[in-house]
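Quick notes on the structure that follows.
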Amino acid sequence: MTDSNTNGVHLSRTNSYSSNNSVPAYLKQTGESLTRTSSPLTDHERLDVNGLSWPPKNVLNRKDETHEEKEKRLEKLSTAVKTIIECLGEDPEREGLVKTPERFAKAMMFFTKGYEEELKEVLNEAVFEEDHDEMVIVKDIDIFSLCEHHLVPFYGTISIGYIPNKRVLGLSKLARIAEMFSRRLQVQERLTKQVAIALQETLQPQGVAVVMKASHMCMVSRGVQKPGSKTVTSCMLGVFREDPKTREEFLRVGQY
């Protein structure tokens, strides 16, 4: 594992690729070995045959549902929430709770809507030929997601940078990519990596850098109960990984 400390914030970059045949072509380096071990999220293509990005096995059932099937899914989810309320010792029929199961079911479908989104539709053909080879950064994009371990929120900001290779992406699309992957059951480490790899495979730029800083309610409101604590994750690809000066410039501009 490689660590860096910039502007007082400790960043940890997990070694997660290895120099074997399963490594995507854009990560292979001539004349030197990669030190990162392989990962299921990087051994395979970003998009499967249905156009979804790393879809869980049941997501196609949800994506292709009819209106009637969607209503049945909401009803099933609402019934499960009502059971939870009863198990907590509450009365699900009292005025304040009687509609809570339905509200919660609809909220959860919204919080996880990223499962149904296709990267092609998110990008909406906003990739443009442009002779620009300097760093592009969109910083402090607000992010909200759900911890897959406890189903409680984590939220914060994500900064995304890349150095173009004759192609640029509409700036708002960087935020939309982050939104798509955050609207799932997630862990911050995977979310950071998915955003970086999606951008790398979309543009094939000289490099991509993503840094995310978030507060996790599973750590703040329960467990060790440490309000104010922040988790910082990063994923560096291409020149950002190979060149310390380029990486330091991104971290300095992002104030990490």
Side-chain angles (χ1 to χ4, degrees), residues 12 14 40-41 50 52-119 121-122 140-158 175-195 198 210-233:
S12 176
T14 305
L41 293 180
N50 299 290
L52 300 177
S53 303
W54 293 301
K57 63 180 181 179
N58 294 322
V59 75
L60 288 180
N61 295 335
R62 171 176 169 178
K63 184 177 184 296
D64 298 331
E65 284 176 336
T66 64
H67 176 74
E68 291 74 16
E69 290 171 333
K70 289 182 182 297
E71 290 299 315
K72 288 182 180 179
R73 181 180 293 270
L74 283 173
E75 182 181 353
K76 183 177 180 181
L77 184 52
S78 298
T79 299
V81 175
K82 184 176 181 180
T83 299
I84 291 174
I85 293 174
E86 291 175 339
C87 289
L88 294 176
E90 262 288 2
D91 176 12
E93 300 301 328
R94 71 176 176 85
E95 183 181 14
L97 291 174
V98 67
K99 292 187 177 181
T100 296
E102 181 182 355
R103 294 190 195 102
F104 183 86
K106 291 179 179 179
M108 287 299 294
M109 295 300 289
F110 177 80
F111 293 154
T112 59
K113 66 185 179 70
Y115 286 129
E116 303 178 48
E117 295 178 339
E118 298 184 17
L119 187 56
E121 295 178 356
V122 169
D140 298 334
I141 302 167
D142 289 327
I143 286 294
F144 178 94
S145 192
L146 287 177
C147 165
E148 68 180 30
H149 300 145
H150 301 95
L151 297 187
V152 295
F154 67 92
Y155 60 92
T157 60
I158 190 168
R176 291 187 183 279
I177 290 173
E179 172 77 3
M180 182 183 76
F181 286 115
S182 68
R183 292 298 184 180
R184 303 178 175 197
L185 303 183
Q186 277 285 15
V187 295
Q188 184 175 330
E189 297 88 341
R190 182 170 67 235
L191 172 55
T192 306
K193 183 186 292 185
Q194 287 180 331
V195 171
V210 178
V211 176
M212 182 175 178
K213 179 165 65 175
S215 179
H216 291 248
M217 291 299 98
C218 58
M219 184 176 175
V220 171
S221 62
R222 57 162 299 283
V224 294
Q225 300 180 63
K226 297 297 180 184
S229 63
K230 304 288 185 182
T231 298
V232 181
T233 52

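What you see is a predicted model; the values in this text were computed from it and never measured.
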Approximate separation, where rounding is to 0.5 Å, of [X] [atom1] and [Y] [atom2]:
X	Y	atom1	atom2	result
Leu146	Arg183	CG	CZ	8.0 Å
Glu179	Ile143	CD	CD1	6.5 Å
Cys147	Met219	SG	CE	12.0 Å
Glu65	Lys72	CD	NZ	10.5 Å
Leu74	Thr79	CG	OG1	10.5 Å
Phe144	Ser182	CZ	OG	9.0 Å

>> Tell me every residue that passes side-chain hydrogen bond (donor to acceptor under 3.5 Å, both in side chains) with Thr192, counting only those two or more places apart in sequence or in another chain.
In response: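 Applying side-chain hydrogen bond (donor to acceptor under 3.5 Å, both in side chains) to Thr192 gives Thr233.
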
> For Met108 and Val81, what are the C-alpha separation, side-chain angles and deciding distance, and is it a side chain to side chain contact (heavy atoms under 4.5 Å, CB included)?
Replying inline: CA-CA 11 Å; Met108 287 299 294; Val81 175; over 6 Å; no

Decide, yes or no, whether a salt bridge links [X] with [Y] under the criterion of side-chain N to carboxylate O below 4.0 Å.
X	Y	answer
Arg73	Glu69	no
Glu118	Lys63	yes
Lys82	Glu93	yes
Glu148	Arg190	yes

Quick one, [X] and [Y] - any side-chain contact, counting heavy atoms below 4.5 Å?
X	Y	value
Asp142	Tyr155	no
Glu75	Glu71	no
Glu121	Arg176	no
Val195	Met212	no
Leu185	Leu151	yes

> Between Cys218 and His149, is a side chain to side chain contact (heavy atoms under 4.5 Å, CB included) present by the stated rule, with each step listed?
Replying inline: CA-CA 9 Å; Cys218 58; His149 300 145; over 6 Å; no

> Does the side chain to side chain contact (heavy atoms under 4.5 Å, CB included) test come out yes or no for Leu119 and Ile177, once each step is laid out?
Replying inline: CA-CA 7 Å; Leu119 187 56; Ile177 290 173; 3.9 Å; yes

Which heavy-atom pair separates [X] from [Y] by the least distance, and what is that distance?
X	Y	answer
Ser78	Glu102	OG-CA, 3.5 Å
Arg184	Ser145	O-OG, 3.3 Å
Leu191	Ala178	CD1-O, 4.3 Å

For atom [atom1] of [X], decide whether the heavy atoms of other residues, nucleotides or ligands shown that lie under 6.0 angstrom number more than 12.
X	atom1	answer
Lys106	NZ	no
Glu116	CD	yes
Lys70	NZ	yes

>> Parallel, tilted or perpendicular: which one describes the rings of Phe154 and His216, with boundaries at 30° and 60°?
In response: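 Geometry flag for His216 against Phe154: parallel rings.
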
> Ignoring hydrogens and geometry, is there a side-chain-to-backbone donor-acceptor pair from Glu117 to Val122 under 3.5 Å?
Replying inline: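 Such a contact is absent between Glu117 side chain and Val122 backbone.
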
> Is the side chain of Thr157 donor-acceptor paired with the backbone N or O of Asp140 at a distance under 3.5 Å, no angle test?
Replying inline: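 Not at all, since once roles are kept as given, no pair shorter than 3.5 Å links the two residues.
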
>> Would Ser221 and Val152 count as a side chain to side chain contact (heavy atoms under 4.5 Å, CB included) here? Give the steps.
In response: CA-CA 10 Å; Ser221 62; Val152 295; 5.8 Å; no

